[in-house]
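All ligand and atom numbering here is 1-based and tracks the order in the structure.
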Amino acid sequence: MRFTAVAVVATSVLAVSAHESQAFFAVPALTQIRDILAQFEAPIVSTLVQRFALPVKPQLYQGHNPPLQAYLGAREIDAILHGRYNYGTLEYPFTFSTIAADRATSQNTFPAGRFHQDSFVGNPNLMAFYIQTLVPSMNSSTTPYFYHLSNSTQQTVPDPNREDGALSLDVTLLQLLSNRAHVGKIVAEAKFTGDPVTYTKLIKARNADSIRMLLANTTQEASVLAQADTAAIQLSNAWIASGALVPSTFQDTIRTVAMKTFRNLIDITTEIEVQYLLERLH
Ligand SMILES: *[C@@H]1O[C@H](CO)[C@@H](O)[C@H](O)[C@H]1NC(C)=O
Ligand SMILES: *[C@@H]1O[C@H](CO)[C@@H](O)[C@H](O)[C@H]1NC(C)=O
Ligand SMILES: *[C@@H]1O[C@H](CO)[C@@H](O)[C@H](O)[C@H]1NC(C)=O
């Protein structure tokens with residue numbers, strides 16, 4: 001399965017909105033960012049549960065220009081018009097490629113604690129994870145478990161490649177994951193603020209490996225994974241308790257998938273943090 005080259009049609013729109021709404025944003029303290037990140041977990045797991053209750057149709061995700069890409073592209077054009085990717089939202093599109101990065105100037109020397117926009121976007125990594133890992137594990141049923149009365153996989157009219165229920169949940173999930181991962185930019189800024197001398201030395205040496213090691217906090221990672229597991233248990237229990245006709249493996253599947261998702265999210269977020277810092281002294 002391949003998810004190929006992104007469309008660039010509205011690149012100029014994005015660049016314009018980035019410059020026009022330029023503002024200075026102070027990043028929150030790291031403890032507050034961690035509390036915010038914890039609030040992302042239930043919505044992500046809840047959307048996973050909903051998506052896994054619908055069947056997967058492989059053709060939505062395959063080929064040169066899969067239906068998911070077309071669907072996402074249309075949604076993102078609308079999202080641009082509604083300001084979703086404006087400067088400082090920590091939201092980035094999947095199907096448009098260019099982000100206008102800030103350059104340090106005499107007015108904005110990138111002081112510690114102030115957000116600046118860098119050029120790195122983690123969405124290609126997220127999309128690869130989604131297509132290669134998550135989609136293949138959505139295989140436990142050919143019929144919807146609960147909230148669609150019809151068997152959507154068997155519908156051929158009007159077009160089997162238009163599956164709004166599934167694609168809409170795919171997009172919601174991708175956007176939640178993406179926003180969660182790009183909060184890494186302000187995590188990085190907050191960590192830099194905590195020790196500018198050490199980070200500056202490593203950035204000047206372009207030492208990505210040591211920056212990655214300095215950023216890592218295995219205690220924090222373990223707590224993120226534990227919270228994701230708790231959410232997976234609670235939300236799949238609630239789903240089962242309300243009478244969803246799920247297979248007996250449903251909860252195990254959701255827990256496994258939630259673990260994989262958050263493990264991957266941590267790695268993608270760390271890469272976003274590293275790249276943000278490497279561009280800090282431009
Ligand atoms: C579903 O996917 C999982 C993970 O990719 C795999 O272990 C399992 O065997 C698959 N089950 C079916 C019925 O294909
Ligand atoms: C949906 O599919 C299941 C199993 O394939 C079948 O038992 C059921 O009758 C179908 N329902 C409808 C509404 O077609
Ligand atoms: C790692 O994260 C935990 C919170 O999960 C925090 O209490 C601790 O201070 C952090 N350690 C470092 C070195 O930042």
Is there any protein N/O under 3.5 Å from an N/O of ligand 3, and what does the full list of such pairs look like?
from	atom 1	to	atom 2	distance (Å)
ligand 3	2 (O)	Asn217	OD1	3.3
ligand 3	2 (O)	Asn217	ND2	2.3
ligand 3	5 (O)	Gln220	OE1	2.7
ligand 3	11 (N)	Asn217	ND2	2.9

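- Note on Asp267 versus Arg263: salt bridge recorded, some NZ/NE/NH1/NH2 to OD/OE distance being below 4.0 Å.
- In summary, the side chains of Tyr92 and Gln117 do present a donor paired with an acceptor at a separation below 3.5 Å, with no hydrogens or angles considered.
- Judged by a 6.0 Å distance limit and a 45° cone about the ring axis, Lys185 is not positioned over the six-membered ring of Phe120.
- Side-chain atoms of Leu54 and Arg51, non-hydrogen and from C-beta on, do get closer than 4.5 Å to each other.
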Checklist entry - Passes side chain to side chain contact (heavy atoms under 4.5 Å, CB included), Glu273 versus Arg212? Steps please. => result CA-CA 8 Å; Glu273 293 174 27; Arg212 194 172 286 113; over 6 Å; no
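- Arg114 forms no cation-pi arrangement with Phe25, by the criterion of a distance under 6.0 Å to the ring centre and an angle within 45° of the ring axis.
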